[in-house]
Amino acid sequence: MRWGWLAIAVALLLYPWILTGPFYERMGADLLLAAIAAAAWNILGGYAGQISVGHAVFYGIGAYVPLLVYTHWQLPPVLGIPAGILVSLAVAAVIGVPTFRLQGHYFSMATIAVAELVRIVVGNWDFVGAAIGLMGPAVPRSLLDLSFKSAVPYYYIFLAVLAAILALTAHLERGRMGYYWRAIRAGERAARSLGVPVRRYKLWALLLSAGFTSLAGSLYALMVGFVDPESAFGILVSVEMIITAALGGVGTLLGPLLGAAILVPLKATTNSLFGGGGSGLTYILYGGIILLLARFEPGGLIELSRRIATRSLKKAKARAA
Amino acid sequence: MLLEAHQVSRAFGSFLALSGAELELAEGEIVGLIGPNGAGKSTFFNCLSGDLQPTSGRILFAGSEVTRATPEAHARLGIGRTFQVPATFEEMSILDNVMVGAFLRHPARGEAREAARRIVEFAGLDRLRDQPARSLGTPGRKRLEIARVLASEPRLILLDEALAGLNPVEIQEAIALVRRIHARGITLVIVEHIMEVILSLTGRVLVFNQGRTIASGKPRDIVDHPAVIEAYLGQRRQRRRRE
Ligand SMILES: Nc1ncnc2c1ncn2[C@@H]1O[C@H](COP(=O)(O)OP(=O)(O)O)[C@@H](O)[C@H]1O
Ligand SMILES: [Mg+2]
């Protein structure tokens with residue numbers, strides 16, 4: 001297991017040297033960004049089992065605030081990152097208290113409703129650019145603007161952020177927090193009977209998840225230098241986080257990265273084959289993945305590989321006997 | 001008194017599932033709670049563990065009022081329970097299930113793990129420690145629930161049909177386990193249909209019917225109590241007489 005992580009780390013560090021050129025560099029950065037967002041979603045949706053379909057709210061806030069501080073006050077967009085996180089945490093706390101009263105599908109539906117409401121409000125609010133959206137600095141004024149032509153600097157920034165999130169998640173997973181989250185996912189009633197303060201631990205998961213999702217949105221805005229209501233607050237943003245985590249394996253450390261490593265190249269390929277019109281195809285692709293996961297392997301690819309491994313182990317044992 | 005429940009009632013809509021239940025429990029007792037299906041036994045447990053709020057009545061635990069406290073507050077105070085339909089954490093290993101309970105008194109992972117290991121061994125589950133809970137059958141799940149609640153170090157455990165569905169050998173093992181739990185100084189209330197279990201474990205029995213206590217006393221006397229025979233054993237005895 002430790003060697004597996006080391007191999008992944010080495011591969012990710014070397015990637016920009018192996019696959020060069022703008023297409024692969026951008027794809028690598030997109031991959032890491034998708035992994036960050038999915039890892040952030042995974043804390044609440046995977047470990048704590050509260051399936052949010054509204055994480056675009058936090059992603060959107062994270063994406064908008066850096067460009068907002070630039071547009072209105074000419075500040076470097078990076079300064080908007082902590083501000084965006086603070087706004088996301090406040091919004092998370094406000095949303096979390098009432099929605100956590102709901103269970104299962106009702107919770108998921110409430111999160112969709114909140115996210116769509118926010119998207120519509122943002123699309124009609126002139127201060128945040130309404131339907132047009134916001135732009136970052138056209139030419140970097142200083143290094144602080146973190147505006148690079150190549151995707152490689154972003155790639156390494158994203159890699160550092162992903163490593164930090166996974167390290168923190170791994171730490172929490174092993175401790176009381178991780179156990180309580182999994183107990184809540186498995187059964188709130190039983191968890192409470194054992195003294196698990198369910199509301200508090202769900203809120204912790206939501207705050208961590210929202211903060212990191214906000215960070216992911218900010219990183220997206222820094223790289224792309226442009227946001228609009230659909231790309232930041234659209235339902236597809238939330239759906240992508242879910243599918244990425246679910247394809248790899250919800251509630252697992254490696255799942256989000258694994259899902260991103262498959263989904264992002266797939267999407268890049270279909271987009272380059274079918275041009276911008278590939279977005280319709282994206283929906284079909286996502287629908288197909290959801291169907292396959294629901295029908296054959298709700299645990300995702302990690303569970304699938306685990307099952308294959310134990311089966312071949314059993315076969316080997318049977319042959320030996 | 002460790003636990004005092006006064007005139008505890010619970011309605012579901014207009015239906016009174018529990019009406020004026022009374023229970024006084026001294027530390028160190030094992031009390032049996034019997035009655036036909038639908039008598040309100042599980043509803044009573046749900047009220048005593050904070051899972052359901054009583055419509056009226058008062059519940060005191062170790063002298064302080066817990067009538068409207070949350071289930072997690074009940075657990076913290078020392079009231080533990082198992083569920084009639086086992087509610088184990090299916091995807092988690094047996095040890096991890098027990099660790100969830102152990103974290104209540106041992107916030108540090110290492111200590112929780114140690115405490116959970118001891119309990120798993122105590123409950124005779126150490127051989128299966130790393131198996132997921134879903135690999136267990138109903139008897140195993142019930143045993144795991146007992147281990148899990150034990151790990152939360154309660155003063156009182158409410159066992160809701162924890163021995164139902166066990167074969168005769170498993171029943172004897174479970175009786176021995178309950179005795180060893182009792183020997184640790186833990187007070188127990190046991191809902192059970194099997195008379196053998198009630199007779200061999202409890203010092204006192206309460207009989208519920210239609211949400212009320214219809215009799216209480218020593219297990220031997222209860223078996224011959226006319227109201228109990230009527231409500232609970234009647235059908236079976238009559239059947240036997242006919243045969
Ligand atoms: N959540 C509930 N909603 C409505 N009715 C309930 C609920 N829980 C229990 N009841 C009813 O209350 C009565 C007592 O149930 P219960 O306490 O489970 O009985 P016992 O455990 O003695 O078999 C039954 O008639 C049952 O249908
Ligand atoms: Mg019952």
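Only a predicted model underlies this, so the values are computations on that prediction, with no experimental measurement involved. Below, chains carry the letters A, B, ... as their sequence lines are ordered, and counting in each starts from 1.
- Ranked by heavy-atom pairs under 4.5 Å with chain A, the first of Arg109(B), His74(B), Arg113(B) is Arg109(B).
- For chain A, the nearby parts of Phe103(B) are the backbone and the side chain; heavy atoms of each come within less than 4.5 Å.
- For Phe12(B), the CZ atom counts as densely surrounded, since its 6.0 Å shell holds more than 12 non-hydrogen atoms of other residues, nucleotides or ligands.
- Contacts between Arg174(A) and chain B at a heavy-atom distance below 4.5 Å involve backbone atoms as well as side-chain atoms.
- Between Ala190(A) and Ala87(B), the shortest heavy-atom contact is CB-O, 3.3 Å.
- When the candidates Met99(B), His106(B), Glu91(B), Arg76(B) are compared by the number of heavy-atom contacts under 4.5 Å with chain A, Met99(B) comes out ahead.
- To the nearest 0.5 angstrom, Glu145(B) atom CD is 8.5 Å from Leu194(A) atom CG.
- Using modelled atom types, no side-chain atom of Arg176(A) and backbone atom of Pro107(B) make a donor-acceptor pair closer than 3.5 Å.
- Ala186(A) approaches Phe89(B) most closely through the heavy-atom pair CB-CD2, 3.5 Å.
- Of all heavy-atom pairs between Asp96(B) and Tyr179(A), the closest is OD1-OH, 3.0 Å.
- Checked by atom type and distance alone, the side chain of Arg81(B) never pairs as donor or acceptor with a backbone atom of Ser193(A) at under 3.5 Å.
- In the displayed structure, Arg58(B) atom CZ is contacted under 6.0 Å by at most 12 heavy atoms of other residues, nucleotides or ligands.
- Contacts of Arg148(B) with chain A are made by both backbone and side-chain atoms, with heavy-atom separations under 4.5 Å.
- Proximity to chain A is limited to the side chain of Asp51(B), based on heavy atoms less than 4.5 angstrom apart.
- Minimum heavy-atom separation, Ala75(B) to Gly195(A): CB-N, 3.3 Å.
- Residue with the most contacts toward chain A among Thr70(B), Leu77(B), Val100(B): Val100(B) (heavy-atom pairs, distance under 4.5 Å).
- How far CZ of Arg200(A) is from CD of Glu72(B): 8.5 Å, rounded to the nearest 0.5 Å.
- The minimum heavy-atom distance linking Ala183(A) with Met92(B) is given by the pair N-SD, 4.1 Å.
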